[in-house]
Amino acid sequence: MKHLLRSCIMILLVCGSMPLASAQDELSPIQEVQTRLVKIFGAGGIGGLHSYSTGFIISPDGYIATVWSHVLDPDVVTVVLGNGRKLEGRIVGAEPQLHLAILKVDADDLPYFDLDDAASAGTGQRVLAFGNMYKVATGDEPVSVMQGVIAAKTRLRARRGAFEVPFDGPVYVVDAITNNPGMGGGVLTTRDGRLLAMIGKELRNAETNTWINYAIPVDELADVAHQIKSGTFRRSDAPKSRTAPPQNYRAIDFGIVLIPDVLNRTPAYIDSLLPGSDAAQQDLRPDDLLLFINGELIQSCKELEAELGRLEESDIVQLVVRRGDSLVSVELEAPEKDEP
């Protein structure tokens, strides 16, 4: 009887341990990926803009890839490693047309993703999405993980607010909700933790007006990332598309007269306002500096006119201006265009 009881106990122990070992193996790739991700804290807090995002380490000496966004507006941002260590991160280069920015922190022997060893995936493949969704991780807490399936690999045809985005290359569209605040700059991986793509910023589909969950394949980013790290990258201000950008509206159409655009990066200061115009009625004033349009940072008169040029009739334009030491938000509507 003792031998029978002992045999039954051994069988139960062996059988009971198998699912536990399997579960441990399943978690291992997730934990490994999370050590290679960072939490980024920078600009935000105005006009509903969140001040946090995600990044992933791409070299043992502290180079980090992330999504290009308003969070990186300061000269220095706070980077929190997976173990909770806080470091100063500085932008060493960016290519906004790829939604890519590269940061550098002073650290060594960091776990990292090898961009030249990235995987590829096809429609129907199961994937994992990692990112600091809703700032759930501020110290050594792991970032969020979601399971999903690649719904399509297609070209990006989307917009943020009322604006088209410059990147029109291939993306993975997934059924996981990756467009939440903070997920931008996170990663999409295979089930065994191999890097596939960088999660993009929040975007809406231009045709269906629905939010799109997408990630940019690492193959699209690797060359530029290597060039930025080596200091050989030279950014082109011209869009990749050969199609001329639309010029549907200009600042003057809203009653805004900008200061003369004499430099390559002339700040978008308001020189004057047309009497009775929508802008004048919304309490915009001369010497106001236009900073944001629908959440997008504006760094020059040229950028302002380019963004206004993409508007369509009746689009709502949310502006944030700096007036002295204060930030003021106003809302305008794109006016009807006269028939030719």
Side-chain angles (χ1 to χ4, degrees), residues 22-23 25-37 53-58 64-68 95 97-102 111-133 142-160 164-180 182-227 240-241:
S22 178
D25 291 340
E26 185 70 22
L27 288 175
S28 178
I30 292 178
Q31 293 171 338
E32 187 174 353
V33 169
Q34 287 173 327
T35 64
R36 302 173 183 179
L37 295 180
S53 60
T54 310
F56 55 102
I57 304 170
I58 60 173
I64 295 166
T66 186
V67 70
W68 175 252
E95 177 50 279
Q97 291 185 19
L98 290 177
H99 295 192
L100 175 68
I102 303 296
Y112 70 99
F113 286 108
D114 183 352
L115 297 183
D116 295 326
D117 190 36
S120 60
T123 303
Q125 183 167 333
R126 290 186 176 186
V127 292
L128 299 174
F130 296 79
N132 192 16
M133 180 171 59
V143 298
S144 299
V145 187
M146 289 182 284
Q147 299 184 67
V149 174
I150 294 178
K153 186 174 182 180
T154 184
R155 301 192 75 81
L156 181 63
R157 300 178 64 188
R159 64 182 185 179
R160 178 177 177 84
E164 297 175 358
V165 292
F167 180 70
D168 63 353
V171 296
Y172 293 117
V173 178
V174 297
D175 66 350
I177 311 293
T178 61
N179 61 11
N180 292 305
M183 288 293 291
V187 297
L188 200 69
T189 74
T190 61
R191 297 276 290 178
D192 59 355
R194 291 193 64 193
L195 181 63
L196 284 172
M198 180 184 74
I199 297 173
K201 64 176 93 175
E202 296 170 82
L203 291 176
R204 290 187 301 177
N205 185 282
E207 297 177 348
T208 64
N209 206 34
T210 56
W211 294 98
I212 182 170
N213 304 297
Y214 73 101
I216 302 174
V218 170
D219 291 345
E220 296 290 316
L221 310 173
D223 287 345
V224 171
H226 288 318
Q227 291 173 25
K240 290 186 176 181
S241 173

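As the structure is a prediction and not an experimental result, all values here were calculated from the model.
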*Which heavy atom of L37 sits nearest a heavy atom of F56, and at what distance?*
CD2-CB, 3.5 Å
*Only one of V143, I199, T178 forms a side chain to side chain contact (heavy atoms under 4.5 Å, CB included) with F130, so which one is it?*
V143
*With a 4.5 Å heavy-atom cut-off, do T189 and I30 have their side chains touching?*
no
_Test side chain to side chain contact (heavy atoms under 4.5 Å, CB included) applied to L128 and M146, step by step_ = CA-CA 6 Å; L128 299 174; M146 289 182 284; over 6 Å; no
*Return the minimal non-hydrogen interatomic distance between L98 and M198, and the atom names on each side.*
O-CE, 4.5 Å
*Contacts of type side chain to side chain contact (heavy atoms under 4.5 Å, CB included), residue D114, not counting sequence neighbours*: Y112, D116, D117
*asked:* Are the side chains of I216 and L221 in contact, using a 4.5 Å heavy-atom criterion?
replied: yes
*asked:* To check you understand the geometry: which heavy-atom pair defines the closest contact between S53 and G184, and what is its length?
replied: CB-O, 3.6 Å
*Not counting sequence neighbours, which residues clear side chain to side chain contact (heavy atoms under 4.5 Å, CB included) with T190? List them please.*
A119, Q125, D192, R194, L196
*Any side-chain heavy-atom pair from L188 and Y214 closer than 4.5 angstrom?*
no
*Pairwise distance CG(D223) to CG(L115) - rounded to 0.5 angstrom*: 10.0 Å
_Tell me every residue that passes side chain to side chain contact (heavy atoms under 4.5 Å, CB included) with T54, counting only those two or more places apart in sequence or in another chain._
N132
*In sequence, state the C-alpha distance, the side-chain angles, and the governing distance for V187 and V33, and then conclude on side chain to side chain contact (heavy atoms under 4.5 Å, CB included).*
CA-CA 9 Å; V187 297; V33 169; 4.1 Å; yes
_Nearest atoms (heavy-atom pairs only) where P170 meets P217_ = O-CD, 3.1 Å
*With the side chain counted from C-beta on, respond yes when I102 and V224 share a heavy-atom pair under 4.5 Å apart, and no when they do not.*
no
*Kindly compute the distance separating CD1 (I64) from CZ (R36), expressed to the nearest 0.5 Å.*
14.0 Å
*Which atom pair, heavy atoms only, marks the closest approach of V145 to Q34?*
CG2-NE2, 3.3 Å
*For residues A197 and Y172, report the shortest heavy-atom separation together with the two atoms involved.*
CB-CD1, 3.8 Å
*Show your reasoning for whether side chain to side chain contact (heavy atoms under 4.5 Å, CB included) applies to F113 and V218.*
CA-CA 11 Å; F113 286 108; V218 170; over 6 Å; no
*Got M183 and I177 here, is their nearest side-chain heavy-atom distance under 4.5 Å?*
no
